[in-house]
Every structure is written in C-alpha cells, then in structure tokens.
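Just so you know, these numbers come straight off a predicted model, no measurement behind them. Chain identifiers are assigned alphabetically (A, B, ...) following the order of the sequence lines, protein sequences preceding nucleic acid strands; residue numbering begins at 1 within each chain.
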Amino acid sequence: MASHVFALVDCNNFYASCEKLFRPDLATTPVVVLSNNDGCVVARSKEAKKLGIKMGVPLFQVRDLMQKHGVMAFSSNYALYADMSQRVMSTLEQLAPRVEVYSIDEAFLDLTGVAHCLDLTALGLTVRHTIQKWTGMTVCVGIAPSKTLAKLANHAAKTWQKTGGVVDLTSKVRQRKLLGLLPVHEVWGIGSKLTKRLQQLGMDTALQLAEADPKFIRQHFSVVVERTVRELNGESCIDLEEVAPTKKQIVSSRAFGERITDKQQMHEAISEYISRACQKLRKEQQEAKHLTVFLRTSPFSDKDAPYSASKSTALDAPSADTRVFLAKATQLLDALWVNGYRYAKAGVMLADFYDPGVYQPGLFDEPLVQKESDQKLMQLMDNLNTKFGKTIWFASQGVKQEWSMKRELLSPAYTTNWKQLPIVK
DNA sequence: TCTGGGGTCCTAGGACCC
DNA sequence: TCTGGGGTCCTAGGACCC
C-alpha cells in the first residue's frame, strides 16, 4: 500500500486577518473579533495574543486591558470571512489535485500522488506564497503521512518562526522529536476531559500517547482515541473527504441581544430561526421529518432561575416548506413556554433528512401530495432573499426584532456589497 | 450588566422482536 | 413459581472540533 501524504493549510488568525486586510492603518494594532452579541472574544491578531487576551474570554473581563493597550474590536462579519475563505480555497484548488475544505480557515490537501516527484517543503512554500500574493492572507502548512500528524506539523509551523511557516513531517525521526516536545492536549481529538484522564495514566506528552498500546487505549477509552494513537504513528486512518457529506442535522440558534420575557417576542424569534433553518435545508436539497425547538435562560446567571427545555415532533412526511415547520414549531412553543423566566437563548433543529421524492409512506398513511406551487413559492422566496438580501419574510418573524443580536462594532461588507467597497485614495 | 453558534461521532441503555 | 439469548432500532448524553 502506498503511504499517504497530507498537507494541512491553515490561515493565521483568520478573522482578525480579514479585518486587518482592509484596514492597513491597523497593520501593527492589536485586533480582536467578537462573538455574536459582542459577548466574547473569538479571534485575536498576534499582537492581541501577545497581550494575553485568551480565546473565548468574555469581553467585559478584558475591557480595561484592551483600553489600556488600544486594542481594536470588531463584531463578527461572516459575510466578509466567508468570501475571503472562498478566495483562499479556490486558490488551493488550483495548486493541489485534491482538496478537503475542513473549516472556514483550514483545508487538507492530498499530496499522495505528487510526493515522490516534488520537494514537499518547496511545495508548501509555493502554496504559502501564492495564497499571500493572490488573497493577502498568511497561511502555515504542515505536511505528514496522517491528518493528525499534519495538524501537529501545522502547529509547529505556526509556533516556530524559523520554520518559515512550512513543516515537512514525513520523516519518522522528526515526528518523534516533535511529539516529545508537545503536551498531549495539542493533539487533534484530545480535548480537556481526555487530557485529564490521560494524565492520570501518566501520559503528558503526545509521544507518550503515541507509544501507548492501541488495544489498551481501545479498552480504556474508545475507538476514536485508538485511531488517534494509530494516526500519531503515521498510520492514516482518517481519509480525505473531497466532497462534503450531506448534512444530518441543521441547527439555527442564537443568544438574544436582550432577554426575552414576552411570548410574542419568543414566537418571532423561533419563526426567524425556522425560516433560516428551512432555507439552509432547501439549499442542501433535502427534506426533513424531525423538528426540535428549545429555549433556555442564561446558564451563567446565579440570580435568574434556571430553565432549559426542549421538545421534538415528527412530521407525517418529510418537507422543506417553511410554513409546515412554522405551524409545528408554534405548537411546540406553546408546550414549552413558561411565564416568568428571562430567556437568554432559543433555537430549532431539523433532523431525519430525506432526498426529495424518495420517502416511503406507511401502508395506512395518507398518500403524499406535493404541490408544485408550494415548491415554487419557497424557491421564489429563496431567490429573492439571496439576490437582494432579506426581502420577503413571514409575518410571524416580526419586523423590528427587538430581541435580535447586538453587533455594534461591525466592519463594512468590503467584498460583498458594492456600496461598501473600500476606496483607494 | 455583560459569557457564541453549528456541527460530528460514539456509547450506553431501553424498547421491542423472535 | 419458575423464566434465555440475541438482534435491531432509537434516543440521550458525552466528548470532540472550529
């Protein structure tokens, strides 16, 4: 069997870099990007990291520090990040035979076929320079015989400047050397809970995990961790997935900008989430049969009474019609709603997906009638809303949406709105 | 006063069937 | 009163990722 070669390409400080790209005046300024509702820090530029601002920290805890050092904050601007991501990914597709877009700022490349005829470090440098030149983004590249090792190689490329942003980890000797240097929690798939349990068994470094007996790990943990051990030893267990598998569930949920205490407002919010979820569903060209609605108070507040509840229902037949789900969601909300709480968040979840037209009704079920006019209406709505922004919607979604999220520090839509293009003076 | 959103996979346990 | 073994399907919950 031919051995695999993967590269992991990862943008440096992606969201923060997107914001800086169109603001050359901020080149050396520390920048952070905030979560929805401007609640916590979800991305930091290298200057902000240096100040000790941690990932995920609530904004109010670092406000003084930020003020003192002149840190610039932005609300998250997903339209901008998604567009920049697409530019990076389509550049990668021109540079490598097979690409798996793994997240908004990362992609795995399959270099198996080209590994023997090209110098891998040189190839990594080419990727880095091309992305830099064509998109303005800086990336690091990690190359290794398994995805887990490629992740670690990328981590090394980011951590040590003298690597020039590219680390070729195809040699066993280098693999072992790096594994010995890294704590076990840096390994892809090892989170905080597993780290604790591994440490209790005396495994503190990635190398100690790599040297554990896979059977022992299988017994004490799971197949997932066993696979990680094999991957750390250069045995590729996780394949490249060039085409994204169809989704198995769609979630739409948001924390509110202000607490909701009024049922009518909650109904608006739920209607909005249903509408978004159904639009995503139609974009996936799927129909769903299962719906969950949930709501809860803030889990962080000690003075609010805690309440968290969810209810699910199954449709008679799969659908992608917003109106069908709106009706069901309203029933679920009636059953869930309790007066007197200060609700902080709610959401809906669609599951149990089918390709349109393949669902088999039970013997005694009503035969399915899918009206063409219904599908056309949904399609028309989607077209209008994609083309012109949010243009038409259902009355139940409300107009003012006073509960909607806070985004007070939003940057302009530099790349996706003609009116907000940056101007060169 | 202020703490994100959207996913996946695996496992255990219960219900049900023969 | 005694009372098996094996299989499947579903769901809830836990863990992880970015």
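Set against B:dC2, B:dT11, C:dC18, the side chain of A:V223 has B:dT11 as its closest nucleotide. Across B:dG4, B:dG5, B:dC2, the shortest atom-to-atom separation from the side chain of A:S253 is found for B:dG5. Candidate nucleotides B:dC2, C:dC18, B:dT3 were compared by shortest atom distance to the side chain of A:F300, and B:dT3 ranks first. The listed nucleotides are C:dC17, C:dC16, B:dT11; the one nearest the side chain of A:S222 is B:dT11. Picking from B:dG5, B:dT3, B:dC9 the nucleotide with the shortest atom distance to the side chain of A:A255 gives B:dG5. Closest contact between the side chain of A:R63 and the listed nucleotides B:dC2, B:dG5, C:dC18 involves B:dC2. Distance from the side chain of A:R259 is smallest to B:dC2 among C:dA15, B:dC2, B:dT11. The side chain of A:R218 approaches B:dT11 more closely than any other nucleotide in the set B:dT11, C:dC18, B:dG5. You'll find that the side chain of A:R227 is closest to B:dC10, out of B:dC2, C:dA15, B:dC10.
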What do the steps show when you test A:N13 against A:K49 for side-chain hydrogen bond (donor to acceptor under 3.5 Å, both in side chains), and what is the final call?
CA-CA 10 Å; A:N13 321 316; A:K49 284 179 184 170; 2.6 Å; yes
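We find that NZ of A:K196 is positioned 15 Å from C1' of C:dG14, with the value rounded to whole Å. Between A:K283 atom NZ and B:dG7 atom C1' there is a gap of 15 Å when expressed in whole angstrom units. At whole-Å resolution of the value, CG in A:L350 and P in B:dT8 are 12 Å apart. Atom CD in A:E106 sits about 17 Å away from atom P in B:dT8, given to the nearest Å. Distance, A:K147 NZ to C:dC18 P: 12 Å, rounded to whole Å. Between A:L59 atom CG and B:dC2 atom C1' there is a gap of 8 Å when expressed in whole angstrom units. When rounded to the nearest whole Å, the span between CZ of A:F256 and P of B:dC2 equals 15 Å. The distance between atom CD of A:E100 and atom C1' of B:dG7, rounded to the nearest whole Å, is 14 Å.
If you check every strand for non-hydrogen atoms under 4.0 Å, A:S192 touches sugar and phosphate atoms only. The residue A:Q249 sits close to a base: some heavy atom pair falls under 4.0 Å. In this structure, A:L194 reaches the sugar-phosphate backbone alone: every heavy-atom distance under 4.0 Å involves primed, P, OP1 or OP2 atoms, never a base. At a threshold of 4.0 angstrom between heavy atoms, the contacts of A:L34 with the nucleic acid are absent. No engagement by A:R407 is indicated, since no non-hydrogen atom pair under 4.0 Å with the nucleic acid exists. Across all strands, A:D38 comes closer than 4.0 Å to no nucleic acid atom at all (heavy-atom distances).
Residue A:K151 places at least one side-chain N or O under 4.0 Å from the OP1 or OP2 atom of C:dC18. When the side-chain nitrogen and oxygen atoms of A:K345 are compared with OP1 and OP2 of B:dT3, none of them lie within a distance under 4.0 Å. Proximity of A:R254 to the phosphate of B:dG6: a side-chain N or O atom is located under 4.0 Å from OP1 or OP2.
With DNA chain B read from its 5' end, the first of the two nearest nucleotides for A:S298 and A:T246 is the one closest to A:S298. Closest-nucleotide positions on DNA chain B for A:S301 and A:K247 were compared, and the one nearer the 5' end corresponds to A:S301.
C:dC16 and B:dG7 make up a base pair, with Watson-Crick or G-U wobble contacts both under 3.5 Å.
Both the sub-6.0 Å distance and the 45° axial angle are not jointly satisfied by A:K345 relative to the ring of A:F256.
Side-chain contact between A:V348 and A:T292 is absent, with no heavy atoms from C-beta onward closer than 4.5 Å. A:V223 has its side chain within reach of A:R218: a pair of non-hydrogen atoms, C-beta onward, lies under 4.5 Å apart. Proximity of A:E226 to A:E231: side-chain heavy atoms (C-beta onward) are nowhere separated by under 4.5 Å.
For NZ of A:K390, the number of neighbouring non-hydrogen atoms (other residues, nucleotides, ligands) closer than 6.0 Å is greater than 12.
Taking atom P in both C:dT3 and B:dC17, the straight-line distance is 23 Å, to the nearest Å.
The ring of A:Y307 has its center no closer than 6.0 angstrom to the ring center of A:W337.
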